[in-house]
Number of protein chains: 2
Amino acid sequence: MARKRFDDSNCAVARTLNEVGDWWSLLIVLQAMYGTRRYVDFQKELGIARNILSDRLDRLVENEVLRKVDVGEHGSRFEYRLTDKGRDLFPIVIAMRQWSEKWNPCPEPGLDLRDRATGRPLRQLCVQDADGKPLTIREVQIADRNTENSPEV
Amino acid sequence: MARKRFDDSNCAVARTLNEVGDWWSLLIVLQAMYGTRRYVDFQKELGIARNILSDRLDRLVENEVLRKVDVGEHGSRFEYRLTDKGRDLFPIVIAMRQWSEKWNPCPEPGLDLRDRATGRPLRQLCVQDADGKPLTIREVQIADRNTENSPEV
DNA sequence: GAATCTGGTTTCGTGAAGCAACCTTATTTA
DNA sequence: TAAATAAGGTTGCTTCACGAAACCAGATTC
């Protein structure tokens, strides 16, 4: 692939893609959010090749999205747990879920996310102003911090 | 790559990744949100190879994220515009921006997003219950719609 | 002490991702 | 009319991402 990297990109979205933008990383994070913690379980749940899994786990640990915890009494038993940074990917994952459920609905039910306290489903994620008022993309001003511009979309 | 596809996956996140989960697609969508509409402009702004751009634009059109509009008086001049489905990717993109700004801040300023009406910055995107109360990942119950389970994360 | 579990690493082959350069067709502008 | 621009298509090449399977080593279990 000789894939282009965006490590030093000025674009925040590109920098996010650089850390979790490949096919597997975000699915691993998702799986971790579902409660998976161990190497073999990730492997079984995702059906990912083992070397790829190793590579992705290492990179996620390196980027501090996961942390590798030694849970063996005498070593050699590990868990991969979400860090705060990793847990903060939750809105991204939820936004993706909701987008897919809206635009590419799947006949089979799949997973269900609810408020643990009340048992009610989640609200549709949306961009809001400081007061919580929903904003469409047209209501958001996109401006270069240096120059002035704000396109119509 | 012989990349694994997730077209028919039961996982909503995987299905989203299948449509916009590669390195370029989401950046193209982002660029479209910034106001770019024409092939050459995408190419110049993103620095993407032309055949890859063609391929991605085609796929995005095929998936109805963009639509190709003939704006030439006599044909052969096109614009790629976001559909409603494409515009609905806005929360995902914003969530990625905010994540990156929080965890991988960039020294240079970059773009600035504000409420066009009030000029105030956006609220941090978060998962909410039906009433709008913010929910952490621990407060969300993740259950298979068939069986019963809800892991601790 | 043999088998098994866990968490990997190594090797190898394939194909797809990516880039660059050149070509085409049509339109617009100088 | 010549040139420049727009929107690609095509080819050729390189490299790396991915997958499969084998191998490995420490700990535990039988």
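Everything numeric here is computed off the predicted structure, so don't read it as measured data. Quick note on labels: first sequence line is chain A, next is B, and so on, each numbered from 1.
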Exercise. How close or far is atom P of C:dT28 from atom CZ of B:R38, stated in whole angstroms?
Worked result: 12 Å
Exercise. Which whole-number value in Å describes the distance from A:L60 CG to C:dG8 C1'?
Worked result: 16 Å
Exercise. In whole Å, what is the span from the CG atom of B:L46 to the C1' atom of C:dC19?
Worked result: 15 Å
Exercise. Taking atom P of D:dA21 as reference, at what distance in whole Å does atom CG of A:L53 sit?
Worked result: 17 Å
For this session: Not counting sequence neighbours, which residues clear side chain to side chain contact (heavy atoms under 4.5 Å, CB included) with A:R67? List them please.
Result: A:V69, A:R81, A:T83
Exercise. Which of these nucleotides, C:dG18, C:dT6, D:dG19, is closest to any side-chain atom of A:I52?
Worked result: D:dG19
What pairs of nitrogen or oxygen atoms, one from the protein and one from nucleotides 8-10 of chain D, lie under 3.5 Å apart?
{"unit_1": "D:dG8", "atom_1": "OP1", "unit_2": "B:K68", "atom_2": "NZ", "d": "2.8"}
{"unit_1": "D:dG8", "atom_1": "OP1", "unit_2": "B:Y80", "atom_2": "OH", "d": "3.2"}
{"unit_1": "D:dG8", "atom_1": "OP2", "unit_2": "B:Y80", "atom_2": "OH", "d": "2.5"}
{"unit_1": "D:dG8", "atom_1": "N7", "unit_2": "B:R50", "atom_2": "NH2", "d": "2.4"}
{"unit_1": "D:dG8", "atom_1": "O6", "unit_2": "B:R50", "atom_2": "NH2", "d": "3.4"}

Problem set entry | Under 3.5 Å: donor-acceptor pair, side chain of B:T16, backbone of A:M96 | yes
Exercise. In whole angstroms, how far is the C1' atom of D:dA17 from the CD1 atom of A:I48?
Worked result: 11 Å
Exercise. Just wondering, do A:D84 and B:W103 contact through their side chains at under 4.5 Å, heavy atoms?
Worked result: yes
Exercise. So which of B:E64, B:R59, B:K85 actually passes side chain to side chain contact (heavy atoms under 4.5 Å, CB included) with B:E19?
Worked result: B:K85
Exercise. Does A:L82 offer a backbone N or O that forms a donor-acceptor pair with the side chain of A:R87 under 3.5 Å?
Worked result: yes
Exercise. Within the structure, does a side-chain N or O atom of B:R56 lie under 4.0 Å from either OP1 or OP2 of C:dG18?
Worked result: yes
For this session: Check the distance between C:dG18's C1' and B:D22's CG and give it to me in whole angstrom.
Result: 12 Å
Problem set entry | Contacts of type side chain to side chain contact (heavy atoms under 4.5 Å, CB included), residue A:A117, not counting sequence neighbours | A:D115
For this session: Would you please confirm or rule out a distance under 4.0 Å between OP1 or OP2 of C:dC5 and any side-chain N or O of A:R77?
Result: no
Exercise. Tell me: CZ of A:R37 to P of C:dT6, nearest whole Å?
Worked result: 16 Å
Exercise. B:L53 and B:R50: side-chain contact (heavy atoms from CB on, under 4.5 Å), yes or no, with the steps?
Worked result: CA-CA 5 Å; B:L53 177 59; B:R50 308 166 65 103; 5.5 Å; no
Exercise. A:Q43 has an atom CD; how far is it from atom P of D:dA21, in whole Å?
Worked result: 12 Å
